[in-house]
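Report on the structure given below.
Whatever order the structure lists ligands and atoms in, that order sets their numbers, starting from 1. Since we're looking at a predicted model, the values are computed, not measured.
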Amino acid sequence: MWELEKHGKEGILVKGSNYLNLLTDAQNMVLDKTGTITKGNFEVSKIILSTEIEEKELLEVAAIAESMSNHPIAKSIEKRASIQIDTDLIKDYNEIAGYGIKVKYNEDEIIVGNSKLLENEGIKYYSCNEIGTVIYVAKNKKYLGAIVIEDIIKEDSKIAIQQFKNNGIKDIYMLTGDNSLIAENVAKKVGIEKIYSNLLPEQKVEKMQEIKGKKEIVIAIGDGVNDSPVLALSDIGVSIGNTGSDLAIETSDIVIMDGKLSSFNKLIEIAKRTKKIVKQNIYFAIGIKVIVLILGAVGISTMWEAVFADVGVTVLTVLNCLRIFKNKKL
Ligand code: ADP
Ligand code: MG
């Protein structure tokens, strides 16, 4: 088991030095939106009522359905509704990844999720064009209204994505299950051009396979909510932040504990610097030894020079390695 309390001083857990080596050659990055580029702390920004029902009641119906979910959307609706729910009364709980939730409560069937879910269930609803993630609510096949929630982009996402590009990541993709309006809005704000929205978890996997088809190294960063298979499929799977599920931590190769994308840049820089120093050491050690060997063969170098070529070079390469720890910039 990975002991997460013992992560390094940069707050990053790396499950093997081979990933550091791979990082230095990676040219592609796949990012999840909710919880990765954005905070995943949704706030309810608007409530739209479609029948004779009060806001409080609509929120309650939604909160009942969401009460057993760990999705950031669920947490925000529960927070806003702020009611105690008797989860013993919940039956047939069905969380449909990428769609929403279907549940029975006191013989009532509640459906809470996106437009695709309502269409699948054959429920008529009024499409809502508000900017935000729109969660539709229905009870006993009757549409009650919608809750619009908004997420906030993490403060460092834009800078981090610019730095990824500077660090040699050629193609950055955003994969999200959210609608295209939100996806494009977020991507534009943080500087991502390649956007895939409205994806179900299995479609995220298909996109990932497509990107891997380029036969280049692909990093995938996600919070683990509906994207663990994508992390598992990538060359370097990275789980991020506090919302990260145990499954994501288990399937990923690197864990960013502080939830910041910019922390991952520090890791790329450490990896690049480490590789540079290792290469310097190899060339230096071999170079000196070859020179002394040749000089020895033609009778120019002495015994002491040969000793230096062996022990001295070892000491110098170790000292060179120590520079990795001394870099104040990182
Ligand atoms: P992302 O790819 O942005 O991280 P997800 O794949 O987790 O998003 O979710 C995609 C969409 O599925 C959400 O935007 C929402 O419309 C719907 N959804 C997922 N889980 C829930 C839930 N618990 N309640 C309501 N809607 C949900
Ligand atoms: Mg997510």
| task | Apply the test salt bridge (Lys or Arg N to Asp or Glu O under 4.0 Å) to residues Lys39 and Glu150: give CA-CA distance (whole Å), side-chain angles for both, the deciding distance (0.1 Å), then the verdict. | result | CA-CA 10 Å; Lys39 290 188 176 174; Glu150 271 181 55; over 6 Å; no
| Of Gly40, Gly100, Gly222, Gly113, which has the heavy atom at the shortest distance from atom 27 (C) of ligand 1? |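 Going through Gly40, Gly100, Gly222, Gly113 one by one, Gly100 has the nearest heavy atom to atom 27 (C) of ligand 1.
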Test item: [X] and [Y] side chains (from C-beta on) under 4.5 Å apart, heavy atoms:
X      : Y      : result
Ile254 : Ile236 : yes
Val255 : Val238 : no
Cys128 : Val148 : yes
Thr38  : Ile152 : no
Asp151 : Val186 : no

In terms of atom number and element, which parts of ligand 1 are under 4.0 angstrom from non-hydrogen atoms of [X]?
X      : result
Ile135 : 25 (C), 26 (N)
Tyr99  : 12 (O), 17 (C), 18 (N), 26 (N), 27 (C)
Thr176 : 1 (P), 2 (O), 3 (O)
His71  : 5 (P), 7 (O), 9 (O), 19 (C), 20 (N), 23 (N)
Glu66  : 22 (C), 23 (N), 24 (N), 25 (C)
Thr133 : 14 (O)
Glu95  : 23 (N)
Asp32  : 1 (P), 2 (O), 4 (O)

| field | ligand 1 contacted by Ser69 (non-hydrogen, < 4.0 Å) | value |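 Yes, that is the case, since the closest heavy atom of the residue is under 4.0 Å from the ligand.
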| request: May I ask whether Lys204 places a heavy atom under 4.0 Å from ligand 1? | output: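 Yes, Lys204 has heavy atoms under 4.0 Å from ligand 1.
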Provide, to 0.1 Å, the distance between [atom] and the closest protein heavy atom, together with that atom's residue and name.
atom                    : answer
atom 5 (P) of ligand 1  : Asn226 ND2, 3.4 Å
atom 11 (C) of ligand 1 : Gly177 O, 3.6 Å
atom 13 (C) of ligand 1 : Ile73 CD1, 3.7 Å
atom 14 (O) of ligand 1 : Asp178 OD1, 3.4 Å
atom 1 (P) of ligand 1  : Thr34 OG1, 3.4 Å

| For Lys158, does the NZ atom sit with more than 12 other heavy atoms under 6.0 Å from it, leaving out its own atoms? | no
| task | State whether the number of non-hydrogen atoms from other residues, nucleotides or ligands found under 6.0 Å of Lys104 atom NZ is greater than 12. | result | no
| request: Following the transitive rule for hydrophobic clusters with a side-chain heavy-atom cut-off under 4.5 Å over Ile, Leu, Val, Met, Phe, Trp and Tyr, establish whether Val30 and Ile172 coincide in one cluster. | output: no
| query | Are any of the N/O atoms in Gly98 less than 3.5 Å from those in ligand 1? | reply |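 By distance alone, the answer is yes.
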| request: Take Asp171 and Lys214 through the salt bridge (Lys or Arg N to Asp or Glu O under 4.0 Å) test and state the conclusion after the steps. | output: CA-CA 11 Å; Asp171 292 322; Lys214 292 203 290 184; 2.8 Å; yes
| task | Look at Asp32 and state whether any of its N, O or S atoms is less than 2.8 Å from the Mg ion (ligand 2). | result | yes
| query | Counting heavy atoms only, which part of Ile101 comes closer than 4.0 Å to ligand 1: side chain, backbone, both or neither? | reply |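 The answer is the side chain of Ile101.
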| message | Here's a test for you: under side-chain contact (heavy atoms from CB on, under 4.5 Å), which of Ile90, Ile85, Ile101 qualifies with Met68? | response |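 For Met68, the side-chain contact (heavy atoms from CB on, under 4.5 Å) check succeeds only for Ile90.
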| task | Starting from the C-alpha separation in whole Å, work towards a yes-or-no answer on salt bridge (Lys or Arg N to Asp or Glu O under 4.0 Å) for Glu216 and Lys170. | result | CA-CA 11 Å; Glu216 290 171 350; Lys170 186 172 56 116; 3.3 Å; yes
